[in-house]
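For ligands, and for the atoms within them, numbers begin at 1 and follow the listed sequence.
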Amino acid sequence: MIWYPYQQMKTMKTPYKITDAGGVYLYTEDQKLIDSVSSWWSVIHGYKHPVLTEAIKNQADRFSHVMLGGLTHEPAELLSEKLEAFLPGDLDYCFFSDSGSVAVEVALKMALQFYVNRGDWKRTKILSLTHAYHGDTFKTMEAGDDEDYHFILEAYGEKKYVIHIPTTIDALEDAFEKYHDELNCFIVEPLLQGAGGMRMYDVSFLQRARELCDQYDVLLIFDEVATGFGRTGNRFVADLVLPDILVLGKALTGGYIGHAVTVSNHKVYNGFYGDEAEKALMHGPTFMGNALACSVALKSIELFEKEDYMSKIHRIEEITRRELLDFTSDKVREVRIMGGCVCLEVYDSSSLKGYQQFAYERGVFSRPFLNYMYAMVPYIISEEELVKVIDTMKEWFART
Ligand SMILES: *Cc1c(COP(=O)(O)O)cnc(C)c1O
């Protein structure tokens with residue numbers, strides 16, 4: 001029997017059973033649904049994309065997987081070369097792993113060991129944001145500030161190694177003033193905090209963070225597992241402000257297979273490079289650099305460039321803004337739009353109860369959580385389909 005994610009199994013409503021998928025659509029026995037969630041924000045090209053499916057099939061005909069311990073292969077080499085060219089600045093060194101959480105763990109391990117390799121054992125703390133989400137493994141839960149995980153805090157007592165601040169420049173400056181010689185990194189979901197409630201903030205905060213990280217020699221980590229590949233209306237937020245370590249996941253493989261990458265700049269890489277074996281990065285997920293994942297990721301990035309996905313994303317943002325221009329509801333506290341993400345935050349989570357089924361009956365798959373009704377659609381969506389997604393959201397509030 002399946003144990004489903006984030007669910008009380010006793011009271012869980014039966015999940016919709018998907019029998020097929022193509023383009024923006026999911027199919028059940030009796031319904032055809034626009035996936036407004038892009039399977040947790042990953043399926044940017046839609047389902048069953050012929051180019052991506054072919055890439056996987058071709059690679060499976062050669063080999064699906066060989067380990068990167070003592071071996072290497074063309075798909076991993078080509079993907080790392082592609083990322084090196086595609087990513088901004090000197091983010092050139094790609095450490096692959098099987099999921100976003102693990103890739104964040106790797107980034108946090110890199111940051112701590114970077115200073116330890118220099119003989120600095122005092123920099124044990126992480127600076128992070130309130131409402132941060134960085135994954136479900138233990139260190140990422142600790143770096144995060146998801147209410148669902150606050151039981152961890154209660155069980156273990158105070159968080160000794162993580163400091164959380166809100167996204168204000170005052171709080172940022174205070175934290176650096178107070179803790180700078182104990183910090184190894186400042187980790188953020190840049191511009192858009194996803195699982196913490198689709199919270200959006202200004203780039204000036206990140207610019208100031210970059211200055212302070214330079215001033216106090218603290219590493220800046222961008223967790224772009226959710227924001228990477230265009231979601232904020234930028235290819236990467238790293239195009240605007242350059243981090244020392246960048247983490248990518250979710251859309252990396254176009255949503256085809258779980259894979260992620262932790263990309264470091266030259267400064268971080270050189271902190272490990274040398275003759276001493278003990279300065280090596282001791283990490284190696286079994287399925288890192290999986291050949292199917294690397295092959296499909298390479299094709300996904302090629303499509304993103306060739307078919308000018310940035311203009312598709314800007315069009316999604318324009319249509320979304322236009323469709324919500326005159327929208328108001330006394331139940332809605334705020335409408336937030338950034339790139340390919342729209343969120344309607346309600347005052348009271350109970351006003352979203354029943355929305356998922358309402359949307360299902362109208363041909364849209366949606367998965368609101370807490371006080372947030374949102375859409376992060378596949379970038380290949382047509383105008384008509386996108387309008388339908390937004391109309392469904394608006395109709396719910398018009399009706400209740
Ligand atoms: C989803 C997500 C993760 C975790 O990725 P998994 O592949 O689910 O482990 C980490 N950081 C952010 C910002 C995410 O949105």
Side-chain angles (χ1 to χ4, degrees), residues 3-7 37-44 95-111 126-149 152 162 164 167 185-201 206 220-232 234 236-238 243 245-263 283 285-290 292-294 296-297 300 336 338-341 343 367 369-370 372 374-377:
W3 192 335
Y4 286 93
Y6 307 121
Q7 295 289 344
V37 181
S38 302
S39 273
W40 271 328
W41 327 338
S42 64
V43 182
I44 57 174
F95 192 97
F96 294 110
S97 52
D98 32 28
S99 76
S101 300
V102 174
V104 174
E105 293 277 350
V106 169
L108 296 174
K109 192 192 267 190
M110 266 181 195
I126 294 170
L127 185 63
S128 148
L129 298 177
T130 49
H131 306 292
Y133 176 83
H134 294 294
D136 292 350
T137 54
F138 264 76
K139 196 68 187 177
T140 64
M141 278 193 292
E142 199 188 334
D145 180 34
D146 190 313
E147 282 175 33
D148 293 338
Y149 303 140
I152 303 281
V162 181
H164 293 286
T167 51
C185 71
F186 179 32
I187 182 167
V188 294
E189 294 157 88
L191 295 188
L192 171 62
Q193 295 184 279
M198 307 299 164
R199 291 161 198 270
M200 298 167 188
Y201 61 92
L206 297 173
L220 182 60
I221 303 177
F222 279 6
D223 175 356
E224 294 218 51
V225 171
T227 57
F229 299 100
R231 192 53 72 181
T232 66
N234 307 284
F236 301 94
V237 183
I245 301 174
L246 174 66
V247 186
L248 300 174
K250 291 197 165 97
L252 175 67
T253 62
Y256 264 63
I257 312 186
H259 221 63
V261 64
T262 310
V263 190
H283 210 100
T286 304
F287 292 108
M288 72 182 290
N290 174 271
L292 298 178
C294 290
V296 75
S300 170
R336 295 193 282 274
M338 184 186 277
C341 175
C343 175
R367 195 170 188 277
F369 61 99
L370 302 172
Y372 315 104
Y374 77 95
M376 290 212 207
V377 294

Side chain or backbone of Glu224 under 4.0 Å from ligand 1, or both, or neither, by non-hydrogen atoms? neither
Short side-chain donor-acceptor distance under 3.5 Å, Asp136 and Tyr6: yes
Side chain or backbone, does Val102 bring an N or O within less than 3.5 Å of an N or O on ligand 1? no
Where ligand 1 meets Ser101 - atom numbers and elements under 4.0 angstrom, heavy-atom basis: 4 (C), 5 (O), 6 (P), 9 (O)
Note: ligand 1 atoms sitting under 4.0 Å from heavy atoms of Ala226 are 15 (O)
Looking at non-hydrogen atoms alone, which of Arg231, Glu105, Lys250 comes nearest to atom 2 (C) of ligand 1? Lys250
Does Trp41 come within less than 4.0 Å of ligand 1, judged by its heavy atoms? yes
Distance to 0.1 Å, residue and atom name: give those for the protein heavy atom nearest to atom 6 (P) of ligand 1. Gly100 N, 3.4 Å
Cut-off 3.5 Å, side chains only: do Thr140 and Thr137 have a donor facing an acceptor? yes
List every atom of ligand 1 that sits less than 4.0 Å from any heavy atom of Ser99, numbering the atoms from 1 in the order shown and giving each element. 7 (O), 9 (O)
Can you tell which part of His134 has a heavy atom less than 4.0 Å from ligand 1: side chain, backbone, both or neither? backbone
Under a 3.5 Å threshold, yes or no: a donor from one side chain and an acceptor from the other, between His131 and Asp145? no
